[in-house]
Amino acid sequence: MKKKILYLSFMLFFAIAVNAGAKDAVWWKLPSLPSPEIYGNILIDRASTKAGVRPVTFSHWSHRTRHTCRVCHYEIEFNMMLNTTMITEEANKYGRYCGECHNGKDAFDHSEENCEKCHNGDITYGIEFGTLSVLPGAPNGNGVDWVKALEDGLIYPKNYLREENKPLEFSRPIHIESPWAGISPVMFPHDTHGKWLDCSNCHPEIFGIESDSTEDLAMEYILNYEFCGVCHGKVAFPPNNNCKKCHIKMKHPGKAIEKMH
Ligand code: HEC
Ligand code: HEC
Ligand code: HEC
Ligand code: HEC
Ligand code: HEC
Ligand code: HEC
C-alpha cells in the first residue's frame, strides 16, 4: 500500500515535471530520434573535409548484422565516440581500421573506384534498409529487436576477426536500486551484453566493477549519452518508449513522457 502511494505521488510529480518540460524543454528531454534507417548511422569527419574529401558514411545497422560491437570497438579499437579515432587514408590502405575488412576480400577494397562508396557525405547511403524487415520489430531505434534477432538465429554476426573469441561466461544480472521511492529497480543483464560487447567496453571507464560503485548513475545523465546512454540512444535501443526494458516493473511512464513531443 505504502509503495502504491509512493508510486502514485511519483507519477503526479512526474506529470507535473513533464508538463513543465513541455513549456521550458529543460526537464528530462528525451532524445529526438532519427528515422529507423539512419538510427546509428554516422558521418565521420575528423579529417576528411580538411583534406578536401567528403565526410565518410558509416552505418551501424548494416555492419552489426555481420560483426559484433566487440570486433570493432575492442579488436580494431574504434572509439565509441564520433570523430575521435585517428583513422587515416594511409592506415586504411595498409589494412588498419576500415581496411581490416575493406581489403577486397571481406568487403570492397580501397581502390580509386571505391573512394566514393565511403567518402560521399551521405548519411542515408547504404544497402537497402528493407532487408531488415524480416527481423523482429521494435518501437524505435532501427525498428529492430536486436536481442531477439540474435537469439532466434536470424543474424549471426562474427564475434572476432583474427582469433576465435569465447565470450567469458559471466551472466550475473545486476539490480540497480533507485534512490527514488517507487521507481522499479533497473535490471542489467550481463549475458545479453556479453553477446555483443567485451567487458572492457564498459569496465572500468563507464562503470565500476563492483555493485553500486558507479557514481551519478541517474537518468539525467543517461539521457545526456553518459553511462547506459553511451550506447542506448545512439546505437542500441533508445530510452524513449523502452522504460520497461530496463525498469522491468515500471507501469506506463513512457507514454507520459512521449507526450512531451
Ligand atoms: C571503407 C571506407 C573508405 C574508403 C573505401 C576510402 N576511405 Fe578515405 N577515409 C575513410 C575514413 C573512415 C577516414 C577518416 C575520416 C575522417 O576522420 O574524417 C578516411 C580518411 C581519408 C582522408 C583524410 C585523412 C588523411 O589521411 O589525410 C583522405 C584524404 C582519404 N580518406 C582519401 C581517400 C581516397 C583517395 C580513397 C580512395 C582511393 C579513400 N579515402 C577510400 C574511409 C574510407
Ligand atoms: C564495423 C565496425 C563497427 C561495428 C561492428 C560497431 N561499430 Fe560502433 N563505431 C564504429 C566506428 C568506425 C565509429 C566512429 C568512431 C570515430 O569516429 O572515432 C563508431 C562509433 C560508435 C559510437 C559513437 C556514435 C556517436 O554518434 O557518437 C557508439 C555509441 C558505438 N559506435 C556503439 C556501437 C555498438 C553498441 C555496437 C554494436 C551493437 C557497434 N558500435 C558496432 C564502428 C563499428
Ligand atoms: C569488421 C569488418 C568491417 C569493418 C571494420 C568495416 N566494414 Fe564496412 N563493410 C563490411 C562488410 C562485410 C560490408 C558488406 C560487403 C561489401 O559491401 O563489400 C561492408 C559494407 C560497407 C559499406 C557499403 C554500404 C553498407 O553500409 O553496407 C560502406 C559504405 C562501408 N562498409 C563503410 C565502412 C567504413 C567507413 C568503415 C570504417 C570506419 C568500415 N566500413 C569498416 C565490413 C566492415
Ligand atoms: C537503458 C536502460 C534504461 C532505460 C531504457 C530507462 N532507464 Fe531510467 N534509469 C536507468 C538507470 C541505470 C537508472 C539509475 C539507477 C536507478 O535509479 O535505478 C535510472 C533511473 C531512473 C529514475 C530514477 C531517478 C534518476 O534520475 O535516477 C527514473 C524516475 C527513471 N529512470 C525513469 C525512466 C523512464 C520514465 C524511462 C523511459 C522513458 C526510463 N527511465 C528508461 C536505466 C534506464
Ligand atoms: C554494457 C556494459 C557492461 C559490460 C559489457 C560488462 N559489464 Fe560488468 N557491470 C556493468 C554494470 C552497469 C555494473 C553495475 C555497476 C554498479 O552498480 O555500479 C557491472 C558490475 C559488474 C561486476 C560487479 C558485480 C557485483 O555483483 O558486485 C562485475 C564483477 C562485473 N561487472 C564483471 C564483468 C565482466 C567479467 C564482464 C565481461 C564478461 C562485464 N562485467 C561486462 C556493465 C557491464
Ligand atoms: C557499450 C554499450 C552499452 C552500454 C553502455 C549499455 N548497453 Fe544495454 N545493450 C547494448 C546492446 C548493443 C544491446 C543489444 C540490443 C540493442 O542493440 O538494442 C543492449 C541490450 C540491453 C538490454 C536487453 C533488452 C532485451 O530486449 O532483452 C537491457 C535490459 C539493457 N541493454 C540495459 C542496459 C542498462 C540498464 C545499461 C546501463 C546500466 C546498459 N544497458 C548499458 C549496449 C549497451
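These numbers come from a predicted model, not from an experiment. Side chains are part of it too, since the values below use all heavy atoms of this structure and drop only hydrogens, waters and symmetry mates.
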Heavy-atom check, side chain of Pro204 versus side chain of Ile209, under 4.5 Å:
no
**Q.** Sidechain N-carboxylate O distance under 4.0 Å for Glu77, Arg96
**A.** yes
Checklist line | Main-chain N/O of Phe237 paired with His232 side-chain donor or acceptor, under 3.5 Å | finding: yes
message = If you define the side chain from C-beta out and look only at heavy atoms, does anything of Pro55 sit under 4.5 Å from Ile44?
response = no
| Atom CD of Glu90 with >12 non-hydrogen neighbours under 6.0 angstrom | no
Q. Taking the side chain from Tyr225 and the backbone from Cys231, do they hold a donor-acceptor pair closer than 3.5 Å?
A. no
Between Arg54 and Glu116, is there a salt bridge with N-O shorter than 4.0 Å? yes
- Task: Tell me whether the guanidinium CZ or amine NZ of Lys117 lies under 6.0 angstrom from the six-membered ring centre of Tyr125 and within 45° of its axis.
- Result: no
NZ (Lys245) and CD1 (Ile248) are apart, to the nearest 0.5 Å, by 13.0 Å
Open item on the list: Is it the case that the side chains of Asn83 and Asp45 hold a donor-acceptor pair, with the cut-off being a distance below 3.5 Å and no angle test?
Closed with: no
| said: Can you confirm whether Cys228 sits close enough to Ile206 that some side-chain heavy atom of one is under 4.5 Å from a side-chain heavy atom of the other? | reply: no
**Request:** Just do the ring-ring contact (aromatic ring centres under 6.0 Å, His included) check on Trp61 and Phe129 with the steps written out, would you?
**Result:** CA-CA 9 Å; Trp61 63 258; Phe129 187 68; 4.9 Å; yes
OG1 (Thr85) and OH (Tyr97) are apart, to the nearest 0.5 Å, by 6.5 Å
Q. Do Phe227 and Asp216 touch side chain to side chain, with heavy atoms closer than 4.5 Å?
A. yes
### Query
Do His119 and Thr57 have side chains that get closer than 4.5 Å, going by heavy atoms?
no
So, does Asn142 use its side chain to make a donor-acceptor pair with the main chain of Tyr39 at under 3.5 Å? yes
Under a 3.5 Å distance rule, please check whether His102 uses its side chain to pair with a backbone N or O of Phe108 as donor and acceptor. yes
Requested in this report: Look at the side chain of Asn79 and the backbone N and O of Met81, then say whether any donor-acceptor pair between them is shorter than 3.5 Å.
Outcome: no
Legend entry - pair His175-Met187: side-chain heavy atoms closer than 4.5 Å: yes
Residues at least two apart in sequence or cross-chain that pass salt bridge (Lys or Arg N to Asp or Glu O under 4.0 Å) with Asp198, listed by chain then number, are Arg70
Practice problem: Please say whether the positively charged group of Lys158, taken as NZ for Lys or CZ for Arg, lies over the ring of Tyr160, i.e. under 6.0 angstrom from the six-membered ring centre and within 45 degrees of the axis. | Solution: yes
Separation between CD1 (Ile183) and CE (Met219), nearest 0.5 Å, reads 10.0 Å
Is the backbone N or O of Pro157 less than 3.5 Å from a side-chain atom of His67, with the two atoms forming a donor-acceptor pair by type?
no
CG (Leu150) and OG1 (Thr65) are apart, to the nearest 0.5 Å, by 11.5 Å
May I ask you to decide if Cys98's main-chain N or O and Asn92's side chain share a donor-acceptor pair within less than 3.5 Å?
-> yes
Next item on the list: Run the numbers on Ile42 and Ile123 for side chain to side chain contact (heavy atoms under 4.5 Å, CB included), then give the verdict.
Entry: CA-CA 6 Å; Ile42 49 180; Ile123 201 165; 5.7 Å; no
Separation between CE (Met80) and OG1 (Thr84), nearest 0.5 Å, reads 11.0 Å
Worksheet entry | Polar side-chain atom of Asn240 near backbone of Leu33 as donor-acceptor pair, under 3.5 Å | no
What one should report as the nearest heavy-atom pair of His63 and Ser59 is ND1-O, 2.9 Å
Ser200 side chain vs His203 backbone, donor-acceptor pair below 3.5 Å: no
| query | Are side-chain heavy atoms of Ile87 and Phe78 found at a separation under 4.5 Å? | reply | yes
Are Ile38 and Leu132 linked, directly or through intermediate hydrophobic residues, by side-chain heavy-atom contacts shorter than 4.5 Å (ILVMFWY only)? no
Check your understanding: Hey, what's the ring geometry for His60 with His73, parallel, tilted or perpendicular (30° and 60° as the breaks)?
Key -> parallel
Check for me, please, whether Val134 and Ile127 land in the same ILVMFWY cluster - side-chain distances under 4.5 Å, paths through other members count.
yes
Heavy-atom count around Tyr94 OH within 6.0 Å, excluding the residue itself: above 12?
no
Output for pair (Tyr74 OH, Asn201 CG), nearest 0.5 Å, gives 9.0 Å
Discussion item. I'd like to check Arg64 versus Val235 (side-chain heavy atoms, cut-off strictly below 4.5 Å). Are they in contact?
Written reply: yes
